[in-house]
Every structure is written in structure tokens, then in C-alpha cells.
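Please read the structure below before turning to the comments.
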2 protein chains.
Amino acid sequence: MTPETKERILDAAERLFSEAGLRTTSLRDITSEARVNLAAVNYHFGSKEALLTAVLERAFNPVNKKRITGLDELESQAGESGPPVEDILLAFVGPPFDAWGESGDRGLRFLKLLGQIHTEANEDVQAVLLGQFKPVLERYTKALVRALPALEPLEVSRRMLFAVGALAQTMLSANRFPQGLAINDLDQTRESLVRFLAVGFSAEPPNVRAAGGGGS
Amino acid sequence: MTPETKERILDAAERLFSEAGLRTTSLRDITSEARVNLAAVNYHFGSKEALLTAVLERAFNPVNKKRITGLDELESQAGESGPPVEDILLAFVGPPFDAWGESGDRGLRFLKLLGQIHTEANEDVQAVLLGQFKPVLERYTKALVRALPALEPLEVSRRMLFAVGALAQTMLSANRFPQGLAINDLDQTRESLVRFLAVGFSAEPPNVRAAGGGGS
DNA sequence: GTCTATATGCGGATAGAC
DNA sequence: GTCTATCCGCATATAGAC
């Protein structure tokens, strides 16, 4: 009947970490919320940090997987030239937005957790997240390089950085301003973001130093 | 000869906070680095958090002041229609980049401190920062609304969020990848960012729901 | 695997002498 | 204003019985 102790701990930790914060939440809080023994955490996970990374992996893997499969599909459908910029960006931005919009508390928890990591996690924890995120970033950068042959790859990487930042900021604001704010029109916000990014990516490079045509 | 105790504490705290992190750095670390007595912090600042906010204000006020005066100048020079989008964005983005490029450790410390706040500060501390930043944000949003009459103010606010995110991400990455990376070409990065944002801001709104003219 | 009890350490803050 | 000594709380982690 009762779920495995390990699951209970993960659930409770996810809830508390996202609500009360990472540092603020003690093992005692978690084990009492999960109604398991204090020592169970160290028995099953080894340490508080190991528990945290387990929570994070469980929470963020789905999003990153969807980003990968989404891009897979786009590329299999597209012709030789690869999918267009706007589609790529939508595939990148979509999954976190979907998670955000999920039913019940799940969506909000996802956002809050993201915010907590961003604002409280130490380097090791962030490294875990980066480990998940890096392959995604690389695949998308590659796709965008192909879609934007006029840009140097370096410039594409820079713009990808801008895009990631814009997305992150949007997510974080969502969690800070609970409701009534502009950002809470999900569809509108996602549309605006994708448009903004697509146009930015398609901009001419600042100074023409690369191949081909005329200088200024 | 020796600087005032209070200054010594501020300097030491700034250094340690930016290097070792906010939570990791204890009062004992700070006072020993500053070679003052442990009790001096509480005597001069009242608490560790109060010390932290003092450090932050000292570090970030200059940047925000420059942003305001920069916009003042632009507006006094411009005509009735106000300054153009690209100039506004440059005035917004420039000061943190300048701080970044400052001689010696100062620039790097600024970045690292920014990163630490972003990743470690609690809500109260972030509120302090927001208090400084909010007026800046509002002034710039207003200027952009004027420069972009085709957009609803709400859409401008959204895009401003994207811009802030892109800038923040750039700053944070700078601090994570010490050197050898794309982002370290300061001028190039700033130029790319401004271009990216300017084009994004000037994009047509996703769907035309506002006043006046033609349909789709 | 689950529990109780406890070791161990750190860190912020303060009392009170000088 | 500056110092020493200390209080106090809390958190992680573990030892060892069941």
C-alpha cells in the first residue's frame, strides 16, 4: 500500500524544497513530512545533497528528454536544410512551458524548484543540472548553426546564451509573481518569447568579418 | 593609516562573499580576513545579513546610477520622439559591461558577486537588490514604450524581461567560464547582445490585437 | 531495513570587562 | 569602540539495538 520509503522521501523532499527552499529545509523536516525515520535519508541516499540531486534528476529529466525527442522529430521531418529557426526555438522553449502549465501543483512545483536551484543551489548541485542540460544545449546549438548559415558558430553560441537567459528569466518571474501578472498568460508569453528569439537569431551579425560578400 | 574598521569589514566581506559564496562565508572568516574582532561585525552592522546588504549596495549602486544618468543624457539630447531603441538598450547594458571590464580584480569581483547573489541569496537579500533595480527597470521600460509605439506596453514589459534575462545570463556565464571562451571578448559580446535585443524589440507583435490599422 | 539516541561541529549572536 | 569568552540552537551524520 504505502509507497516505498524511498519514493515517499523523494516526494516529500520535492514538495519541501520547492516550497521552503533548499537550505531552509532540514532532513528533519523532510523525514517528518514523509513520515519516515530521520536515518532513512542517509540510509537510502547517503546524504542530503545526494537526495537533492535525486530530486532534481527526477524533476528535470522529462523536460530535457522532450526537448531532445522534439528536435529529433523536427529533423526527421525536415528536408536537407534542416528545420527552420522558429520551429527549433519552439521545441526548445515548449517543454518547460508545458511543465509550467501542467495540472495541479506539479507545474508550479516545477517552476519553484527551478527557482530554488537557481537561487540556492551550490556549485555541485548546479553541476548536476548542467550535466543534464549540456547535451541539450549542444544539440540545439548545432541545429541552429545549420539553420543559420550566415552566422559564425560562435555567434550562434552567444545568441543561444541570450536565449537561455531570456527563457530562464521568464520561468523565474513566473514563480515570483504568483498571478495577475503579464507573464501568466502562458500561450501569449510563449509566443512572444519565441518570436522575440527567432527575430533576434535571424538578425544580421553585428560586423561582417566572415566569408563571402562585401565589407562595409 | 589603517582604514576604518567598517571599511575593512566591507572590503573583506566583498572579497570573501564573491570568492567563497554567501552561505559558506562565516563571520569568523570575514573578521579574520579583515583582521578585526569577531564582535565588530555585529557592533557596526547589527547582523550578517545587514552586512551583506551593505556590501551589495556599495557594489551595485554605481552601476544602477550610471544607467539612470545615461538614460537622462540620452533623453535630453533626443528630440520629441525620444531616443532610439538601440541607444536605450546600450545605455542599459553598458554599465554592467563596464564594471565587468574594470581593471584589476574589481571587475571580476563584481561579476562573481552578482553570481553569488543569484545563486545563494535568500529572498530578503534579493528584495534589497530588487529595490535598487526596480526604478531602473521602470524608467527603461517607459523609454522603450515611447520608442516603440507599435507595441502594447505589456508586450514591451515582457520583452524587457527577456532582455534582463539575456543580460543576466551573459554576466553569469562570464563568471563561470573564467577565460578562453567566446564571451570573454567583451566588446564583441556587448555588441552582439545589443543587436540581438534591439532586433527582438523591434519585431512585430505576435498577433495584432491592438489599435488602428490592417488585419492580418 | 527501521528505529532511538547521540556524537560532533559550526555559526550567529551577546554579555560584560577593558 | 574593541576585545574575550560563552551561550545557544540547529543540522548532518552515525552507532548500535531491534
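Keep in mind that this is a model prediction, so the values were computed, not measured.
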Check against side-chain hydrogen bond (donor to acceptor under 3.5 Å, both in side chains), A:N122 and A:E49 = CA-CA 10 Å; A:N122 67 35; A:E49 262 215 16; 2.5 Å; yes
Test ring pair (Phe, Tyr, Trp, His ring centres under 6.0 Å) applied to B:F196 and A:F201, step by step | CA-CA 7 Å; B:F196 184 87; A:F201 266 102; 5.8 Å; yes
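- Between the CG atom of B:D29 and the C1' atom of C:dC10 there is a distance of 11 Å, given to the nearest Å.
- A heavy-atom distance below 4.0 Å to DNA chain C is reached by none of the residues of residues 18-26 of chain A.
- Between the C1' atom of D:dT2 and the CG atom of B:N37 lies a distance of 6 Å, rounded to the nearest Å.
- The two atoms that bring B:E57 and B:V128 nearest to each other are OE2-CG1, 3.9 Å, heavy atoms only.
- Looking at every heavy atom in both residues, B:L16 comes nearest to B:D29 through CD1-O, 3.6 Å.
- Judged by a 6.0 Å distance limit and a 45° cone about the ring axis, A:K6 is not positioned over the six-membered ring of A:Y43.
- For the pair A:L148/A:V85, a side-chain contact is recorded, criterion being any heavy-atom separation below 4.5 Å from C-beta on.
- Ring geometry, A:H118 versus B:H118: the interplanar angle exceeds 60°, so the pair is classed perpendicular (tilted spans 30 to 60°).
- Two end axes, each from the C1' atoms of five base pairs, can be drawn for the helix from C:dG1-D:dC18 to C:dC18-D:dG1; they diverge by 10°, to 10 degrees.
- Note: CZ (B:R8) to P (D:dT2) measures 10 Å, nearest angstrom.
- Cation-pi check for B:R67 over B:F92 is met; the charged atom lies under 6.0 angstrom from the ring centroid and within 45 degrees of its normal.
- Atom CG of A:D105 is surrounded by 12 or fewer heavy atoms from other residues, nucleotides or ligands within 6.0 Å.
- For the pair A:K112 and A:F17, the cation-pi test (distance below 6.0 Å, angle within 45°) is failed.
- Atom P of nucleotide D:dT14 and atom CG of A:L27 are separated by 11 Å, given to the nearest angstrom.
- For DNA chain C, the residues of residues 38-56 of chain A within the heavy-atom distance limit of 4.0 Å (strictly under) are A:A39, A:Y43, A:H44, sorted by number.
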